[in-house]
Amino acid sequence: MPFLLVINGPDKGSKFPIATDSITLGRKHSNDVVISDLMVSRIHARVKRQGEEYLIQDVGGTNPLKLNDRIVTEEFLREGDRILLGNTTFEYREREVSTSGGKVQVIPTETLQPTGRHDTIKVSLQATDTQLRAFSAAGADPENLQQDHKRLADLFLLSAVVNTLQDSEELFSTVVNTIFDTISAQRGFIGLWDPDLEILQECVVEDREEEGKNEAIEISSTLLKKAIRDREAVLTADAVSDQQFGGAESIASLRIRSSMLVPLIANDEVLGIIYVDDRKRTNQFSEGDLEFLTSLGNLTAVSISNLQLRQQLVEENRHLRSVLGVNDEIVGESREIEKVLNQISKVAVHDTTVLITGESGTGKEMIAKAIHKRSPRAGKPFVAINCAAIPETLIESELFGYSPNSGIANAIPKGKPGKFELAHGGTLFLDEIGDMPVSTQVKMLRALQERKIERLGSTTSTSINIRIVAATNKALEQAVKDGNFREDLYFRLKVFEINSPPLRRRGEDVVLIGENFLKNKFGGRIVLAPKTKEILQNYGWPGNVRELLNTIEQAVILGNGKTVRPTDLPREVRTPGAAISTPLVSLAQNEKRHITEVLERLQGNKSQAAKVLDISRDTLHKKIKLYELDQ
């Protein structure tokens, strides 16, 4: 089965099998391959089967699809092709070529080639027509195990440690050692069975007589397929003379005398096999040996199943974290948030100054962090300062720092660096920039223009290398007109503007955000009832995301179960027709928002918008120019 292997990116090492005729890749959680990356579109690419080949297609991603460093829209995949989506690089593999640990050699005959004791290898099996006759399995008496204290003791010791092992190679080595401590076998191995490729993978091999000689361990594919197809343990006393082999040429050429093979079965699925043999002695293994090997195989199969389940849970957890946006990722699939994510992906790679506008509680700081994380400065500091939360007398020292003996009350004698210096090489986030005192704005403008700052009480300039991202919930253009904000600073900050949309315009995101919060805050133990989801979507959320999260946390505290029910919500939220209200804002900001909403609903038709707004088309054009809505 072909698969995509992540060779670079957050999920490096992950494998994604192409198990159907078509799989999709993108940021949306419904994709077969989910990539939590703002540079990746919701549905970015598709891998599609055509005949015996697979085709990769760009299905309209904002950023280009690259195959082997070339931008492509559609092309057939070949072994080893590298696919770049955002910051993740996949490698296309037509089949499994290597396993973990040790050197791997794929042999086109029915042999296993060890590269050393307990080495990890792989086998490819090809059956001939004469090898398709079945072996019969010998019966076993359970009472033999009770009489064999050695076998019973070994099984007991293995059962005590087998489920504490953390990976298949360690498990297999422990099992093989137990087998050879108990059974007098010459050679053997244990490995996983891939039913699609019909090969054994992640094998651990031991050859007592050929240790370190790099000799091959041969196995009859007839014997193997008999055990896997019929799900039976197989015991042969003398393979060469046994009539049941019908004179198979491979048996004679392999010189097999005694052998045992046990399928590893869990949850009605063949997971792998255990095989031992002796090429020199006949009747080497007894029915008691087969009973022991079968019991050990049952124990091993359960352990393999547990390891696979653990790995599956790890992958699902990684998938959920990418879908739900853990680690300050922006959560949402609405058209509004998709627009924001697209803007972030485009501006992040540049060093452009960004101004983020929007109401309080809409997640402006998360947008700023997303820009920083996806920028070339991602490995450097992200420093934030809330300009509205610091007294006017202290904000300059917080921003620019102060020198020794500056005369500032309660100052540190050796001086203190400001936010500009602390953010050197990284990003400085100026939250609520609209509340910065006019006197500080002068120094701020100079710092942005010259990229130099002076600590308070010092005459020495310090060069700074930072990116500025600012945010405000105020209409800065109106503040400029009112004389509360410098026009030159406004245009210096507004190089690239991103508007953080209010939650009332992101209806389909409300439940996603709520469920993500419950997952992170309460470990997924608490869920939203269907009716609760409906109520949350219908409410106006004047306090935006901050109000939503506070409401859900309050409902969890007031509730007494594992489900947030409608009765747990505040009355103003659950009351039918709850007000879709807006916070108190200036007349200009309210007018800008209303014109924006009308234009969006009418898909930019200015003539119809003017009629709805009951103003002339010329007046509408003036409003659009005033509020810069044409951008």
Side-chain angles (χ1 to χ4, degrees), residues 6 8-12 26-27 35-42 44 61-66 69 71 84-89 321-322 325-332 336-358 362-387 399 417-433 444 447-453 462-472 489 491-501 631:
V6 180
N8 189 33
D11 295 326
K12 184 177 181 180
R27 199 178 67 252
I35 309 169
S36 180
D37 188 337
L38 295 182
M39 297 182 69
V40 177
S41 297
R42 295 171 66 184
H44 202 121
T62 303
N63 293 308
L65 167 69
K66 289 188 177 181
D69 295 326
I71 296 177
L84 178 63
L85 288 178
N87 294 312
T88 300
T89 304
R321 290 175 68 85
S322 67
V326 180
N327 299 328
D328 293 326
E329 292 291 345
I330 297 172
V331 179
E336 294 283 349
I337 208 65
E338 183 72 19
K339 177 182 177 182
V340 171
L341 295 175
N342 183 37
Q343 290 177 306
I344 291 173
S345 67
K346 289 183 176 181
V347 76
V349 295
H350 303 286
D351 230 12
T352 306
T353 299
V354 179
L355 177 63
I356 306 171
T357 59
T362 56
K364 294 187 288 295
E365 185 168 354
M366 291 184 68
I367 294 175
K369 288 180 178 179
I371 293 171
H372 174 72
K373 286 181 180 180
R374 287 151 184 82
S375 74
R377 299 177 180 268
K380 300 297 183 178
F382 175 88
V383 178
I385 180 172
N386 189 323
C387 301
L399 284 169
K419 301 297 185 183
F420 273 92
E421 290 182 72
L422 294 175
H424 183 71
T427 301
L428 177 61
F429 175 54
L430 302 168
D431 198 10
E432 304 302 348
I433 188 72
M444 174 65 68
L448 295 182
Q449 289 175 335
E450 300 178 3
R451 296 291 165 170
K452 292 182 179 181
I453 58 103
T462 301
S463 297
I464 51 170
N465 174 21
I466 60 173
R467 178 183 194 160
I468 295 292
V469 178
T472 182
L489 178 59
F491 287 112
R492 174 68 65 174
L493 293 172
K494 193 184 176 183
V495 179
F496 188 94
E497 182 177 357
I498 297 177
N499 180 257
S500 183
Q631 298 181 8

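Test Val354, Thr353, Thr352 against Val469 for side chain to side chain contact (heavy atoms under 4.5 Å, CB included) and you get one pass: Val354. When each of Asp431, Thr357, Leu430, Leu493 is paired with Thr472, the side chain to side chain contact (heavy atoms under 4.5 Å, CB included) condition holds for Thr357 and for no other. With Ile356 as the partner, the side chain to side chain contact (heavy atoms under 4.5 Å, CB included) test is satisfied by one option alone out of Val340, Thr362, Ile367: Ile367.
Closest approach of Ala423 to Thr427, counting heavy atoms only: CB-O, 3.9 Å. His424 and Pro381 make their closest contact through O-CD, 3.9 Å (heavy atoms, listed as atom of the first residue, atom of the second, distance). For the residue pair Ala470 and Phe429, the shortest heavy atom distance occurs at C-CE1, 4.3 Å. Taking both residues in full, the closest heavy atoms of Gly425 and Arg377 are given as O-NH1, 3.0 Å, listed atom of the first, atom of the second, then distance. In terms of heavy atoms, Ile330 sits closest to Ala370 at CD1-CB, 4.1 Å. Across all their heavy atoms, Arg467 and Val347 have their closest contact at NH2-O, 2.9 Å.
A distance of 7.5 Å separates CG in Asp69 from CG in Leu84, rounded to the nearest 0.5 Å. Within the model, atoms CE of Met366 and NZ of Lys369 stand 8.0 Å from one another, a figure rounded to the nearest 0.5 Å. For the atom pair CG of Leu355 and CD of Glu497, the computed distance is 5.5 Å after rounding to the nearest 0.5 Å. Taking NZ of Lys339 as the start and CD of Glu336 as the end, the distance is 7.0 Å to the nearest 0.5 Å. How far CD1 of Ile371 is from NE2 of His350: 12.0 Å, rounded to the nearest 0.5 Å. In this structure, CD1 on Ile71 lies 5.5 Å from NZ on Lys66, to the nearest 0.5 angstrom.
For the pair Lys373 and Phe382, the minimum side-chain heavy-atom distance is 4.5 Å or more. Residues Arg492 and Ile468 have side chains not in contact (no heavy-atom distance under 4.5 Å, counting atoms from C-beta outward).
A distance-only check finds a donor-acceptor pair linking the side chain of Arg451 to the backbone of Ile466 [under 3.5 Å]. His44 places a side-chain N or O within 3.5 Å of a backbone atom of Ser41 that can act as its donor or acceptor partner. In terms of modelled atom types and a separation under 3.5 Å, the side chain of Lys364 and the main chain of Ser500 share no donor-acceptor contact. When atom types are taken as modelled, the side chain of His372 and the backbone of Lys380 share a donor-acceptor pair closer than 3.5 angstrom.
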Exercise. Please lay out, stage by stage, how Leu489 and Leu448 fare under the test side chain to side chain contact (heavy atoms under 4.5 Å, CB included).
Key: CA-CA 9 Å; Leu489 178 59; Leu448 295 182; 3.8 Å; yes

Quiz prompt | Test side chain to side chain contact (heavy atoms under 4.5 Å, CB included) applied to Phe420 and Ile385, step by step | solution = CA-CA 10 Å; Phe420 273 92; Ile385 180 172; over 6 Å; no

